[in-house]
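For reference, the structure is listed below as structure tokens.
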Amino acid sequence: MALRLRLDRPIRVDEISAMASAAARGGRLAEAERLLREAVALEPSKSQPQEALSWVVLQQNRPIEAIELLDRLLTADPRNSSLATRRAWILGQLGRFDEAISAYLEQLHRNPDRPALHIALGRSLLAVGRDREAVACYRRALELGDRSGEAWWSLANVKTIRLSLSEIRDMAAFLGRGDICREAATRVHFALGKAHEDLGHYEHSFRHYEHGNRTQAETAFASGDRVRTLVDRSISLFTPEFFRQRDWLGSPDSSPIFIVGMPRSGTTLVEQILASHSAIEGTSELPNMNAIALGLVEELEADDGEYVVTRLPDLHRSRFHEMGRRYIEQARPYRRTDRPYFIDKMPSNWQHIGLIHLILPRAKIIDVRRDPLDCCFSNFAQYFPKGHEFTHSLGALGRHYRAYEDLMAHFDEVRPGTVYRLVYEDLVDRPEAEIRKLLAAIDVPFEESCLRFFETSRPVLTPSAQQVRQPINRRGIGRSRPFAAWLAPLQRELQKR
């Protein structure tokens with residue numbers, strides 16, 4: 001329900017801002033934006049509503065507008081480190097890492113003893129392949145007494161190094177401190193899990209992964225069976241007849257290539273291979289499709305996911321074209337070239353396959369599969385700051401994976417041939433043959449550069465950044481095997497059919 005301003009007394013900007021904050025927390029971002037714009041109009045010189053507005057605009061996937069708002073604030077307050085750091089982070093999300101790195105360096109010149117700035121700079125350096133400099137940033141943050149645990153996790157997550165026994169002891173001592181928060185301890189448990197795994201200490205490793213996930217689950221948003229409900233409703237709605245009645249109503253733009261699947265399934269590798277082609281631009285995990293879906297939820301006042309079954313059939317036919325056009329427009333800030341195709345590698349877009357078919361019927365879709373045990377365990381062992389609540393227990397991971405498989409199988413049946421499936425292990429075993437088949441499936445000619453994808457210089461934001469800068473290897477295959485003794489809850493769920 002929209003919030004209304006009282007007109008029987010003078011309106012205070014802080015009251016409007018509080019109402020906007022409540023709307024944003026409830027997911028009503030358009031309403032929050034409207035209220036904040038009213039607050040800014042009432043007191044243009046007040047910075048707090050403008051700061052909040054930049055955040056709300058960003059949540060609606062308008063990063064350029066968010067940067068413009070921050071630029072105005074920084075013009076009035078050029079030494080505001082918080083605003084400058086947020087601006088640098090947005091630049092990184094847009095792939096503008098040269099600018100982001102320069103911005104972080106400028107802030108470090110003014111605030112050399114802030115661990116968080118060293119960590120942020122390290123992440124940007126890692127994304128562009130400057131691993132040694134990134135590692136130096138993380139170690140500097142530790143020297144400065146980082147208490148967030150982020151430096152330890154960031155260091156452990158650099159795949160090209162291994163932490164030493166003395167560093168493992170230092171992390172254990174960090175956990176023993178009484179002045180660290182729960183989230184800091186969580187990050188260090190994941191870092192210790194990775195460090196022990198690298199050393200072959202598998203039981204120690206698993207216990208740290210387990211502890212980190214259990215701690216995260218205690219504070220994470222409980223999504224329950226939302227994904228299962230979404231999948232079941234999607235299967236009921238998206239029938240051949242449903243699509244026949246709405247075929248080709250969406251945008252005719254054929255430039256997007258969606259790479260979907262579970263996280264840690266090999267999607268970053270496939271993106272790097274395709275981005276090595278002269279006709280294809282790699283962007284990143286774009287928030288566009290999720291923003292469109294959430295916008296529908298807010299617009300139609302539906303519960304999370306309900307828009308799929310209760311409201312899509314009621315939308316005016318012109319809306320499908322409009323949503324497709326909006327997706328293309330919102331992708332432009334993330335692009336750096338004029339290549340005819342671009343990649344959206346948001347793995348969770350598998351949940352929006354039906355919506356993609358409706359609003360972008362000419363888009364290509366690639367579903368990347370990895371051995372379920374290896375894939376699910378890799379998710380269990382990966383620290384995700386937020387948004388991956390299903391990874392916090394082995395049973396939930398298995399249920400999530402089955403929901404994913406069920407939805408993709410449904411679209412294989414009702415829209416045969418519209419999703420190309422690539423199996424990670426086949427790609428590793430027969431790279432050239434599988435790459436040729438992949439390129440043929442998306443109607444682009446074979447290029448040798450795709451075989452030498454590891455030579456392609458481009459930013460990579462995901463945890464797989466270091467792996468995709470190396471030739472294909474088998475190191476990721478069989479990762480779950482040393483942990484088999486502790487994976488029974490996952491195995492039971494995966495075996496259910």
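This one's a predicted model, so the numbers in the text were calculated from it and none came from an experiment.
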Heavy-atom pair with the smallest gap, counting every atom of [X] and [Y]:
{"X": "Glu285", "Y": "Asp344", "answer": "C-OD1, 4.3 Å"}
{"X": "Ala275", "Y": "Arg339", "answer": "O-NH1, 3.3 Å"}
{"X": "Arg370", "Y": "Ser265", "answer": "CB-O, 3.5 Å"}
{"X": "Pro489", "Y": "Leu394", "answer": "CB-CB, 4.1 Å"}
{"X": "Phe453", "Y": "Gln470", "answer": "CE1-O, 3.5 Å"}
{"X": "Leu439", "Y": "Phe446", "answer": "CD1-CA, 3.7 Å"}

May I ask you to check whether [X] and [Y] place their ring centers less than 6.0 Å from one another?
{"X": "Tyr327", "Y": "Phe258", "value": "yes"}
{"X": "Tyr202", "Y": "Tyr209", "value": "no"}
{"X": "Tyr341", "Y": "His277", "value": "no"}
{"X": "His208", "Y": "Trp153", "value": "no"}

Surrounding [atom1] of [X] (heavy atoms of other residues, nucleotides or ligands, distance under 6.0 Å), is the total greater than 12?
{"X": "Arg336", "atom1": "CZ", "value": "yes"}
{"X": "Asp98", "atom1": "CG", "value": "no"}
{"X": "His204", "atom1": "NE2", "value": "no"}
{"X": "Glu413", "atom1": "CD", "value": "no"}

Do [X] and [Y] touch side chain to side chain, with heavy atoms closer than 4.5 Å?
{"X": "Gln351", "Y": "Arg226", "result": "yes"}
{"X": "Phe411", "Y": "His357", "result": "yes"}
{"X": "Ile359", "Y": "Ser251", "result": "no"}

Nearest-0.5 Å distance that lies between atom [atom1] in [X] and atom [atom2] in [Y]:
{"X": "Arg335", "Y": "Asp338", "atom1": "CZ", "atom2": "CG", "answer": "8.0 Å"}
{"X": "Asp198", "Y": "Leu163", "atom1": "CG", "atom2": "CG", "answer": "7.5 Å"}
{"X": "Gln93", "Y": "Ser284", "atom1": "CD", "atom2": "OG", "answer": "7.0 Å"}
{"X": "Lys345", "Y": "Thr267", "atom1": "NZ", "atom2": "OG1", "answer": "3.0 Å"}
{"X": "Glu183", "Y": "Gln216", "atom1": "CD", "atom2": "CD", "answer": "5.5 Å"}
{"X": "Arg244", "Y": "Thr239", "atom1": "CZ", "atom2": "OG1", "answer": "7.5 Å"}

Test: [X] and [Y] ion pair at under 4.0 Å:
{"X": "Glu218", "Y": "Arg214", "answer": "no"}
{"X": "Glu432", "Y": "Arg436", "answer": "yes"}
{"X": "Glu143", "Y": "Arg139", "answer": "no"}
{"X": "Asp367", "Y": "Arg421", "answer": "yes"}
{"X": "Glu197", "Y": "Lys194", "answer": "no"}
{"X": "Arg452", "Y": "Glu455", "answer": "yes"}
{"X": "Arg325", "Y": "Asp253", "answer": "no"}

Inset, instruction - Would you please classify the geometry between the His196 ring and the His201 ring as parallel, tilted or perpendicular, with 30° and 60° separating the classes? - result: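 His201 and His196: tilted rings.
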Looking only at atom types and distance, does a side-chain atom of [X] sit under 3.5 Å from a main-chain N or O of [Y], one as donor and one as acceptor?
{"X": "Arg362", "Y": "Pro252", "result": "yes"}
{"X": "Glu447", "Y": "Ser278", "result": "yes"}
{"X": "Ser254", "Y": "Ala363", "result": "no"}
{"X": "Asp146", "Y": "Ala151", "result": "yes"}
{"X": "Asn473", "Y": "Pro471", "result": "yes"}
{"X": "Ser205", "Y": "Gly193", "result": "yes"}
{"X": "Asp374", "Y": "Arg479", "result": "yes"}

Inset, instruction - For the pair Gln272 and Thr456, evaluate side chain to side chain donor-acceptor pair (under 3.5 Å) and give the outcome as yes or no after the intermediate values. - result: CA-CA 8 Å; Gln272 183 76 351; Thr456 298; 4.8 Å; no
Inset, instruction - Measure from NZ or CZ of Arg402 to the centre of the six-membered ring of Tyr404, then state whether that distance is under 6.0 Å and the direction lies within 45° of the axis. - result: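 Geometry flag: not set, cation outside 6.0 Å or 45°.
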Legend entry - Aromatic Phe243 / basic Arg415 pairing, under 6.0 angstrom, 45° off normal: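 Yes, a cation-pi geometry.
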Inset, instruction - Take Leu155 and Leu142, measure what side chain to side chain contact (heavy atoms under 4.5 Å, CB included) needs, and give me the verdict at the end. - result: CA-CA 10 Å; Leu155 197 58; Leu142 290 171; 4.1 Å; yes
Is a side-chain donor-acceptor pair under 3.5 Å present for [Y] with [X]?
{"X": "Ser166", "Y": "Ser164", "answer": "yes"}
{"X": "Asn61", "Y": "Tyr334", "answer": "yes"}
{"X": "Glu281", "Y": "Thr337", "answer": "yes"}
{"X": "Tyr383", "Y": "Arg187", "answer": "yes"}

Legend entry - Among Phe377, Phe206, Phe380, the one residue meeting ring-ring contact (aromatic ring centres under 6.0 Å, His included) with Trp486: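 Answer after filtering Phe377, Phe206, Phe380: Phe206.
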Inset, instruction - Show your reasoning for whether ring pair (Phe, Tyr, Trp, His ring centres under 6.0 Å) applies to Phe384 and Phe190. - result: CA-CA 10 Å; Phe384 294 105; Phe190 278 99; 8.5 Å; no
Legend entry - Criterion side-chain contact (heavy atoms from CB on, under 4.5 Å) against Glu271, the qualifying member of Ile343, Ile257, Ile366: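 Single side-chain contact (heavy atoms from CB on, under 4.5 Å) partner of Glu271 among Ile343, Ile257, Ile366: Ile343.
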Inset, instruction - Just do the side chain to side chain contact (heavy atoms under 4.5 Å, CB included) check on Ile472 and Phe454 with the steps written out, would you? - result: CA-CA 8 Å; Ile472 284 180; Phe454 48 89; over 6 Å; no
Legend entry - Verdict with supporting geometry, Leu296 and Met323, side chain to side chain contact (heavy atoms under 4.5 Å, CB included): CA-CA 10 Å; Leu296 278 176; Met323 285 188 283; 3.8 Å; yes
Inset, instruction - Would you check, one step at a time, whether the test side chain to side chain contact (heavy atoms under 4.5 Å, CB included) holds for Ile435 with Ile273? - result: CA-CA 8 Å; Ile435 290 171; Ile273 289 167; 4.0 Å; yes
